[in-house]
Each structure stands twice: as structure tokens, then as C-alpha cells.
Amino acid sequence: MSPKSSEPHKYRGVADDLRRRINAGEFDEDRKLPGERDLRTHYGVSLMTVRQALGVLRDEGFVEARKGSGWFLAEWRPIVRNALKRLYPEHWGEARSMWDVDVESREWEVVEPQVDFPRVPDDVARVLDLEPGVRAWRRDRKYVVDAVPVMRATSYIPDEFARDTRITEVDTGEGGIYARLEEAGHKPVEFREQVRCRLATPGEMDDLRLAAGAPVIEQHRIAMREDGRVVEFNRMVLDASRFLLVYDFKR
């Protein structure tokens with residue numbers, strides 16, 4: 001990028017060039033970016049434009065601000081979420097959590113777990129093939145990795161599949177929901193996911209400690225048993241800056 005830019009949104013050009021320089025390893029030695037005033041001079045833009053560009057890179061997980069010290073390459077290591085690998089039955093079927101696949105040796109925990117039996121929203125009822133207004137089991141929880149909140153997940157499971165299992169308890173036991181479904185004769189064998197990106201709502205910003213205007217990934221997953229019946233609908237909201245989504249397709 002030339003120091004001068006004629007783009008209507010100059011901060012995007014600055015962010016693009018800084019991202020390129022970061023990926024090229026230009027700042028790897030001391031992991032510190034030039035000061036905001038130096039960046040303003042280099043790119044020939046206003047201080048506000050520089051700060052907007054740095055804000056974009058912060059939300060993408062590339063940089064972080066340290067009070068009184070400036071901007072540095074982010075220490076956070078993205079969570080590699082391999083959607084296909086984490087759903088293999090050999091993982092949850094061997095009493096492992098799918099999160100063990102995602103985070104490997106990193107510290108993680110489930111916080112604020114809640115289990116209740118409400119009337120499900122109409123859109124969820126349609127997915128679960130339930131009549132409007134029917135109750136189902138809802139499991140709501142937040143995931144924290146390396147002391148950072150990264151995702152809120154809310155699962156809905158029809159009563160006929162969850163009744164008399166530990167799915168109705170806060171602690172589902174080893175292997176989680178899918179292992180309990182298998183024990184009850186409703187083993188999930190097929191999964192479908194939908195993924196979209198959007199801006200976080202005010203409630204999500206508070207919940208996941210996000211900056212205003214930060215992006216999130218909303219991921220919907222349905223789990224189906226052999227006959228096609230949906231046994232779980234899971235709505236997940238992920239901090240987009242914390243994840244790398246990977247999809248491996250075999251020939």
C-alpha cells in the first residue's frame with residue numbers, strides 16, 4: 001500500500017496493509033507494532049483512521065492493546081475447530097468431550113450451566129419436529145478457554161429422548177449429550193451445520209466480553225439418529241476472533 005490512499009474508507013486499506021505485514025512476520029522479533037503516531041505518518045492518514053484500522057485487526061484477533069505500552073501482536077492462539085473431526089463418534093463415544101479435540105492441552109471449562117424444561121421457540125420446534133408450544137429440555141452453557149469466554153451454546157433435546165437420562169442434569173457425565181443419547185437408543189449418526197457471521201448483539205458483547213461492533217459466528221447444528229429424527233438442535237454463538245473453522249473433505 002502506498003502511504004497515500006484514495007479509498008473512501010482509508011482505515012480498511014491501512015488494516016489490509018498492516019495485516020499483510022503481520023502475516024509476513026515483520027513484527028515477529030519484539031511483537032510490537034509501531035506507535036499510532038508513527039503509523040499516521042507512514043500511511044498519511046489521521047490518528048482516528050489509524051485507530052479504526054487497529055480496531056479492525058483487534059477484532060480479527062491479530063493485535064491487542066496494552067495500556068500505556070501500545071499495540072502488540074495478540075498472544076491468543078486461535079481455537080482450531082475442525083467441524084468434521086470433532087463429530088466423529090470415536091471421540092464422544094470414548095467418553096471424551098468434543099472440546100478436548102478443539103483445544104487439545106489448553107485449559108477449558110464450562111461455566112454458568114443451566115438445564116430447564118421450557119416451551120421451545122417456534123423456529124426450534126419446527127427443527128425438532130415438535131408441535132408449537134411443546135416443552136423440551138434446554139441446556140445452556142458458556143465455554144471458557146485459557147480464562148477467556150469464547151462461546152455460548154444452547155441445546156434443545158426433545159423430552160422423549162432426554163427423559164430418564166443425565167441429559168436432564170447439569171452434569172451429563174463422560175461423553176456428554178451424545179453418549180447419553182446413544183445409551184438411550186438414539187445414537188446421532190448424521191449432523192448438519194449452518195454457519196453465518198454477523199455483529200454481536202449488546203447482550204452477546206456483555207456475555208463474551210466483546211468490543212462494540214465485534215463480529216460473532218452463529219452456528220446451528222442438528223444431530224439426527226438413523227431414521228432421520230432430530231435428537232438435538234444446538235445454537236452456538238462464537239467470538240469470531242477466537243476461532244479458526246476447518247472443514248476437511250475426503251475424496
Legend entry - Test item: Arg141 side-chain N/O and Arg139 main-chain N/O as donor-acceptor pair under 3.5 Å: yes

Legend entry - Euclidean distance, Asp122 CG relative to Leu130 CG, rounded to 0.5 Å: 11.0 Å

Inset, instruction - Please confirm whether the backbone N or O of Glu190 pairs with a side-chain atom of Arg225, one donor and one acceptor, at under 3.5 Å? - result: no

Legend entry - Nearest-0.5 Å distance, CD of residue Glu232 to CD1 of residue Ile222: 10.0 Å

Inset, instruction - Indicate whether any N or O donor in one side chain lies under 3.5 Å from an N or O acceptor in the other, for Gln219 and Glu193. - result: yes

Inset, instruction - Begin from the C-alpha positions of Ile22 and Val63 and carry the test side-chain contact (heavy atoms from CB on, under 4.5 Å) through to its verdict. - result: CA-CA 9 Å; Ile22 290 170; Val63 300; 3.8 Å; yes

Legend entry - Any side-chain heavy-atom pair of Ile177 and Ser155 under 4.5 Å: yes

Legend entry - Ion pair check, Asp30 and Lys32, cut-off under 4.0 Å: no

Inset, instruction - Please examine the side chains of Asp207 and Lys142, heavy atoms only from C-beta on, and report whether any two atoms are closer than 4.5 Å. - result: yes

Legend entry - Passing option when Glu204 is tested against Arg198, Arg209, Arg152 for side-chain hydrogen bond (donor to acceptor under 3.5 Å, both in side chains): Arg198

Legend entry - Nearest heavy atoms of Ala53 and Ala15, plus distance in Å: CB-N, 3.7 Å

Legend entry - Candidate pair Glu36 and Leu47, rule side-chain contact (heavy atoms from CB on, under 4.5 Å), full reasoning: CA-CA 7 Å; Glu36 292 180 356; Leu47 197 58; 3.7 Å; yes

Inset, instruction - Provide the closest heavy-atom pair for Arg135 versus Phe117 in the form atom of the first, atom of the second, distance. - result: NH1-O, 3.1 Å

Inset, instruction - Treat each ILVMFWY residue as a node, draw an edge where side-chain heavy atoms are under 4.5 Å apart, and state whether Ile157 and Val134 are in one component. - result: no

Legend entry - Minimum-distance pair of heavy atoms, taken over all atoms of Trp71 and Leu54: NE1-CD1, 3.3 Å

Legend entry - Side-chain heavy atoms of Leu208 within contact of Val150, under 4.5 Å: no

Inset, instruction - Would you confirm whether the ring centroid of Phe27 sits within less than 6.0 angstrom of the ring centroid of Phe62? - result: no

Legend entry - Flag, side chain of Arg40 to backbone of Gly35, donor-acceptor distance under 3.5 Å: no

Legend entry - Shortest non-hydrogen contact between Ile167 and Ala162, atoms and distance: CG2-CB, 3.7 Å

Inset, instruction - Measure across Tyr156 and Val120 and return the closest heavy-atom pair with its distance rounded to 0.1 Å. - result: CD2-CG1, 3.7 Å

Legend entry - side-chain contact (heavy atoms from CB on, under 4.5 Å) assessment of Trp108 paired with Val144: CA-CA 6 Å; Trp108 68 276; Val144 175; over 6 Å; no

Inset, instruction - Give, for atom CG of Leu73 and atom CZ of Arg31, the distance between the pair rounded to the nearest 0.5 Å. - result: 4.5 Å

Legend entry - Any side-chain heavy-atom pair of Leu39 and Val14 under 4.5 Å: no

Inset, instruction - Would you please classify the geometry between the His220 ring and the Phe233 ring as parallel, tilted or perpendicular, with 30° and 60° separating the classes? - result: perpendicular

Legend entry - Verdict with reasoning, Ile79 to Leu244, per side-chain contact (heavy atoms from CB on, under 4.5 Å): CA-CA 6 Å; Ile79 299 168; Leu244 174 65; over 6 Å; no

Legend entry - Interatomic distance, Phe243 atom CZ to Leu238 atom CG [nearest 0.5 angstrom]: 4.0 Å

Inset, instruction - Measure from NZ or CZ of Arg66 to the centre of the six-membered ring of Phe72 and say whether it is under 6.0 Å with the direction within 45° of the ring axis. - result: yes

Inset, instruction - Please answer: with hydrophobic residues joined when any side-chain heavy atoms are less than 4.5 Å apart, are Val124 and Val237 in the same cluster? - result: no

Legend entry - Least distance between heavy atoms, Ser241 atom then Arg58 atom: CB-O, 4.5 Å

Inset, instruction - For residues Arg242 and Val148, determine if any side-chain heavy atom of one lies less than 4.5 Å from a side-chain heavy atom of the other. - result: yes

Legend entry - Passing candidate, side-chain hydrogen bond (donor to acceptor under 3.5 Å, both in side chains) with Arg235, options Thr154, Asp140, Asp123: Asp123

Inset, instruction - Check each of Thr165, Asp116, Asp159, Thr168 against Trp137 using the side-chain hydrogen bond (donor to acceptor under 3.5 Å, both in side chains) test, and report the only one that passes. - result: Asp159

Inset, instruction - Output yes when a side-chain donor or acceptor of Asp171 lies under 3.5 Å from a complementary backbone atom of Gly173, and no otherwise. - result: yes

Legend entry - side-chain hydrogen bond (donor to acceptor under 3.5 Å, both in side chains), paired with Glu183, selected from Arg180, His186, Lys187: Arg180

Inset, instruction - Flag yes if Met224 and Val127 sit in one hydrophobic cluster, no otherwise; membership is Ile, Leu, Val, Met, Phe, Trp, Tyr, and two members link when side-chain heavy atoms are under 4.5 Å apart. - result: yes

Inset, instruction - Check Leu57, Val56, Asn23, Val50 against Leu18 for a side chain to side chain contact (heavy atoms under 4.5 Å, CB included) and give me the one that passes. - result: Leu57

Legend entry - From Glu26 atom CD to Leu33 atom CG, the distance as rounded to the nearest 0.5 Å: 8.5 Å

Legend entry - Arg21, CZ atom: more than 12 neighbouring heavy atoms under 6.0 Å: yes

Legend entry - Contact check, side chains of Glu64 and Glu75, non-hydrogen atoms, under 4.5 Å: yes

Inset, instruction - Using the rule that two of Ile, Leu, Val, Met, Phe, Trp, Tyr join whenever any of their side-chain heavy atoms come within less than 4.5 Å, decide whether Met151 and Leu210 are in one cluster. - result: no

